[in-house]
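We count ligands from 1, going down the list as the structure has it; atoms in each ligand are counted the same way. Numbers here simply count residues along the sequence, with the first being 1.
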Amino acid sequence: MKPIAICAIALAALPVLGAPAANYDESKVPDAPLPDALAVPDGSFKASGAIEWESRVRPKIAEFFESEVYGRRPPRPKRQIFEIVESSDNALGGKALRRQIKITVADARGEKSFIMLLYLPKSPDPAPVFVGLNFMGNHATAGDPEIIMPEWVRNTSLGGIKISGNRPTEKYRGLQSRRWPYEKIISRGFGAATIYYCDIYPDLEKADGAPQSVYSIFKEPMNGAIAAWSWGLSRALDALETVPQADAKRVVAVGHSRLGKTALHAAAFDRRFAGAVSNDSGCMGAALSRRQFGETVEAITRQFPFWFSPNLRKWAGREAEMPADQHQMLALVAPRPLYVASASEDLWADPRGEFLSLAEASKVYALFGAKNLPSEENFAIEKPFIGDVGYHMRKGKHDMVEYDWENFCDFFSKALPQTR
Ligand code: GCU
């Protein structure tokens, strides 16, 4: 592994304007005790069994994260329409089925549509499916010329190609295919589905995309992009429930970085998800906030206030006083299979904080009878832990690549029920 100090200099070169410099020194991590994973946020009750945790602790933890961190999740829309707008039984060189499903959501103030791209293995039984949002448009996830481009994309620059005027370009086709190794996923017996995240809530980064987001269809005022993106994953799951070749009881929410925070949120708040993968999700994802290592509440709420409830800002610099930490967010997925992945050079996301958070959340899994849970020696580069929960730290940078998917597939092949 590269010496931590060298990585730290590289990362510290990208400070968040106005925020204190990020800490990358383990010896400066505050010694703040973590809230007990088995207790309610004010500590007034501690569960001694799974039923007590489910009925008395879980609702209070969920309430904390909704009110103080992510905002309230939008409700299921009053009306939804699912239309297969394109399909092939001979995709990816004949190995897969492809479906592109237009999802129209409608509520009191109007409607919105977005397209879900879905690949499924050609198998006699309905397949388990990984579903995640993508950063650059469905067409950026694979070179497949049939993938429909979104109508609006965020202005960005990738591989030297600059997007301006919010117009999608053919040049982005397949540009992020390393993050979506569909053929590999299909060969492991899983399907994969994705939606462009800005179709749900435009991530303008420097301004709030809420007016163009799915929130605009609802009468009640709502905020927080992560909660909206997570709601989008639930609409993908609704759509998968209409596809006979997909097993909607075995759908795993997956995501990288801000979309890893999103995948975790989706599985936490929609218990139809059979499991979750949180890849390099960092601050307000898997990483423990109390460590204040890499990105902090101060930095994230300064740079990306629109991702969260406005209440989160008041905890900036006061992480040790927060009534709950991210291990309790991870625990909301219990007892369903959960996989946390880190990358060794991704110090901004605090790999150790992600691992320790999973280890703490494991106490809730243990309440449900899980025995094969991670311990300190499993925090090691490219030695995946595949137990009742899963963890690996890939060598390298902030990304989601084939190595990560290989391990997700190994874990969920074991952790999900074999058939429905
Ligand atoms: C920024 C942000 C992170 C986020 C990441 C991403 O680095 O600070 O919190 O996870 O973007 O989504 O790529």
Side-chain angles (χ1 to χ4, degrees), residues 7-8 10-24 65 69-70 132-137 140-141 153-159 175-176 178-180 194-198 200-206 209 224-230 232-233 253-266 276-289 291-309 312-313 315-316 319 325-326 329-330 340-343 345-351 353-354 357 394 396-401 404:
C7 305
L11 285 165
L14 299 164
V16 174
L17 274 181
N23 174 44
Y24 295 111
F65 282 107
V69 179
Y70 304 102
L133 303 181
N134 67 74
F135 280 89
M136 300 289 171
T141 69
V153 288
R154 84 179 162 109
N155 290 336
T156 178
S157 184
L158 186 66
L175 262 191
Q176 287 209 312
R178 72 177 188 289
R179 287 201 179 156
W180 298 91
T194 190
I195 296 172
Y196 176 44
Y197 83 135
C198 290
I200 313 288
Y201 190 116
D203 195 6
L204 306 179
E205 291 201 338
K206 295 202 168 30
I226 291 175
W229 294 326
S230 150
L233 286 178
V254 60
H256 167 63
S257 205
R258 68 197 68 179
L259 300 178
K261 309 183 209 296
T262 299
L264 175 58
H265 189 281
V277 177
S278 179
N279 189 81
D280 300 1
S281 62
C283 185
M284 306 333 286
L288 294 171
S289 303
R291 283 172 46 80
Q292 296 187 266
F293 187 102
E295 191 170 28
T296 58
V297 175
E298 163 67 36
I300 206 166
T301 54
R302 191 175 281 271
Q303 206 180 359
F304 304 110
F306 316 113
W307 290 358
F308 303 100
S309 155
L312 182 58
R313 181 76 197 152
W315 299 104
E319 283 87 341
D325 209 317
Q326 295 304 113
M329 184 67 188
L330 292 183
V340 172
S342 309
E345 293 168 29
D346 186 16
L347 300 188
W348 182 239
D350 187 12
E354 294 178 320
S357 182
R394 177 176 44 76
K397 295 192 178 15
H398 188 67
D399 207 346
M400 184 165 73
V401 296
D404 301 305

Mode of Asp280 contact toward ligand 1 - side chain, backbone, both, neither (heavy atoms, under 4.0 Å) = neither
If you measure from each non-hydrogen atom of His256 to ligand 1, which part falls under 4.0 Å: side chain, backbone, both or neither?
-> neither
For residues Ser342 and Glu354, is any side-chain donor paired with an opposing acceptor at under 3.5 Å?
-> yes
Subset of ligand 1 atoms that lie under 4.0 Å from at least one heavy atom of Ile300 = 9 (O)
Pick from Gly285, Ser257, Ala349: the one approaching atom 6 (C) of ligand 1 most closely through a non-hydrogen atom = Ser257
At under 4.0 Å between heavy atoms, what of Met284 touches ligand 1? The answer is neither
Please name the pair of heavy atoms, one in Ser230 and one in His265, separated by the smallest distance, quoted to 0.1 Å.
-> OG-ND1, 2.8 Å
Nearest neighbour in protein (non-hydrogen) for atom 9 (O) of ligand 1 = Glu295 OE1, 2.6 Å
Under 6.0 Å from the six-membered ring centre of Phe135 and within 45° of its axis: does the NZ or CZ of Arg179 meet both?
-> yes
Considering only non-hydrogen protein atoms, determine which one is nearest to atom 2 (C) of ligand 1 and report residue, atom name and distance to 0.1 Å.
-> Phe304 CE1, 3.3 Å
Purely on distance, is any nitrogen or oxygen of Lys261 under 3.5 Å from one on ligand 1?
-> yes
Considering the options Tyr197, Phe308, Phe306, which one meets the ring-ring contact (aromatic ring centres under 6.0 Å, His included) requirement together with Trp229?
-> Tyr197
Protein contact of atom 7 (O) of ligand 1 - nearest heavy atom, named by residue and atom, plus distance = Trp348 NE1, 3.1 Å
Residues Thr301 and Arg313: closest non-hydrogen pair is OG1-NH1, 2.8 Å
Hey, are Thr194 and Asn134 close enough side-chain-wise for a donor-acceptor pair under 3.5 Å?
-> yes
All heavy atoms of Met136 vs all of Ala140, minimum pair found to be CB-CB, 3.5 Å
Arg258 N/O under 3.5 Å from ligand 1 N/O | yes
